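Working notes for the structure below.
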Number of protein chains: 2
Amino acid sequence: MSAVPPPARRTDPERRDRIIDAALEVIARDGVAGTSHRRVAAAADVPLGSMTYHFTGMDELLDEAFTRFADRAADGFADRFGAATSREEAVEAVVALLEQDPLADAHDLVLTHELYTLAARDPRYRRITEHWLERNHTTLTRHFDPTTARIVDALIEGVTLHRALGAPRSRTTEAVEAVRRATRAG
Amino acid sequence: MSAVPPPARRTDPERRDRIIDAALEVIARDGVAGTSHRRVAAAADVPLGSMTYHFTGMDELLDEAFTRFADRAADGFADRFGAATSREEAVEAVVALLEQDPLADAHDLVLTHELYTLAARDPRYRRITEHWLERNHTTLTRHFDPTTARIVDALIEGVTLHRALGAPRSRTTEAVEAVRRATRAG
DNA sequence: CGCCGCAGTGTACGATCGTACACACCCCGT
DNA sequence: ACGGGGTGTGTACGATCGTACACTGCGGCG
């Protein structure tokens with residue numbers, strides 16, 4: 001789990017990074033189930049032996065890959081609200097989030113669910129999702145009270161999920177209405 | 001995908017059923033990734049050869065297993081609202097749904113996410129989730145208008161997801177508040 | 001200049017997989 | 001009574017997997 005920093009390798013320090021990114025690509029394409037050391041090595045254009053050299057095993061690779069993915073996703077989430085200076089703009093950012101086409105980047109969608117599945121079974125991966133959720137919650141509490149933030153976050157997650165699962169695209173007015181209700185203080 | 005009914009086997013008709021149920025058990029325990037013909041056969045206590053005899057391949061087995069799971073889940077969802085005769089009782093049923101401990105049956109939780117992951121990647125499995133969502137939506141529209149039903153369903157999904165991912169148990173008052181806002185007509 | 005230690009790699013092993021397929025067995029029609 | 005067709009199964013094959021591990025080649029120190 002790389003609690004300690006890597007032991008100061010002399011050459012090619014970005015090779016390890018490239019493997020992690022390649023792993024995310026392979027996972028998005030073939031799923032965690034279809035991800036093997038060989039496929040990742042091929043995608044990263046490194047020899048098979050590099051896999052066992054840089055990572056103790058598949059678990060460590062998955063852990064680091066999904067940690068990176070979750071961090072990037074949380075960054076992106078924060079960016080979407082970073083520009084908002086008022087509560088109204090934050091609400092609009094939420095609406096925009098709910099309106100975006102989930103098929104637009106099936107890449108991230110698949111990765112998200114692969115991670116969720118891992119987290120549902122293995123508490124170890126739950127640490128990653130916990131941290132992700134907490135970062136998103138922190139982002140939202142910059143604009144909403146904690147309870148509203150939690151409700152809004154759950155709403156975003158639920159609507160995104162429904163779309164990923166093939167629910168008919170709800171109309172914009174419906175998304176707007178959902179956000180309006182969720183953000184209306186009791 | 002068993003579009004046609006099985007060809008009227010003479011003996012042991014429940015053997016195929018037992019295999020499907022065993023598959024769900026194995027998936028819940030080891031994940032889709034860790035599910036093999038051999039493991040399912042062992043769990044169902046049938047010989048390996050029965051796998052290829054009753055199913056054309058792993059895809060057909062997964063498809064039928066998750067179809068059965070989704071049907072049962074939709075049945076359970078409908079049962080929870082079946083007793084409700086008023087809108088207030090329906091609201092209470094939603095609150096109860098949000099308050100139940102998701103860890104209580106990790107079994108179903110894992111199966112749900114395994115299915116979601118499949119659906120996120122493969123449109124074929126999306127037919128199963130679409131149907132599931134539609135049935136849940138139909139159940140909710142017995143008590144709520146369509147827009148509210150959609151919002152409530154997304155909220156349930158989001159809150160359940162957050163809990164599965166390790167979010168701190170939100171307080172009961174928070175769940176009640178979320179439902180109150182979601183069900184309050186605009 | 002020579003050697004030594006380590007970053008980095010190619011290969012081989014044992015396990016497991018999905019699936020095909022030859023065969024066994026039983027029931028039924030003749 | 002007996003032959004045949006179809007239900008059901010054991011086994012074997014080729015592919016792929018994770019991982020270990022002996023090895024290479026080079027950069028720096030004595």
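Since the model is a prediction, treat every value here as computed from it, not as a measurement. Below, chains carry the letters A, B, ... as their sequence lines are ordered, and counting in each starts from 1.
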**OP:** Grab the CE-C1' distance between B:M58 and C:dA20 for me, whole Å please.
**Re:** 16 Å

**OP:** Say whether, by atom type as modelled, one donor and one acceptor occur between the side chain of A:R181 and the main chain of B:R184 under 3.5 angstrom.
**Re:** yes

Original post:
Between C:dA7 and A:Y53, is there an OP1 or OP2 to side-chain N/O distance shorter than 4.0 Å?
Top reply: yes

Subject >> Closest-nucleotide ordering on DNA chain D, the 5'-leading residue of A:R38 and B:T52 >> reply: B:T52

Original post:
Whole Å only: how far is the CZ atom of A:R15 from the P atom of C:dG8?
Top reply: 7 Å

**OP:** For B:H137, look at atom NE2 and say whether over 12 heavy atoms of other residues, nucleotides or ligands are found less than 6.0 Å away.
**Re:** yes

**OP:** Carefully, step by step, assess B:F81 and B:E89 under the rule side-chain contact (heavy atoms from CB on, under 4.5 Å).
**Re:** CA-CA 8 Å; B:F81 289 92; B:E89 285 177 7; over 6 Å; no

**OP:** Quickly work out the B:H37 NE2 to D:dA15 P distance and round it to whole Å.
**Re:** 19 Å

Original post:
Looking at the side chain of A:P47, which of D:dT9, C:dT9, D:dT19 is the nearest nucleotide?
Top reply: C:dT9

Original post:
Nearest-Å distance, NE2 (A:H54) to P (C:dT9)?
Top reply: 7 Å

**OP:** Quickly work out the B:D30 CG to C:dC17 P distance and round it to whole Å.
**Re:** 10 Å

Subject >> Out of D:dC21, D:dG18, D:dT9, whichever nucleotide has its closest atom nearest the side chain of B:S50 >> reply: D:dT9

Subject >> Criterion salt bridge (Lys or Arg N to Asp or Glu O under 4.0 Å) against B:D75, the qualifying member of B:R80, B:R68, B:R135 >> reply: B:R135

Original post:
Where the side chain of B:S36 is defined as all heavy atoms beyond and including C-beta, which of D:dT9, C:dG8, C:dG18 is the nearest nucleotide?
Top reply: C:dG18

**OP:** Provide, to the nearest angstrom, the distance between the CG atom belonging to B:D45 and the C1' atom belonging to D:dG8.
**Re:** 15 Å

Original post:
Whole Å only: how far is the CG atom of A:L48 from the P atom of D:dG18?
Top reply: 9 Å

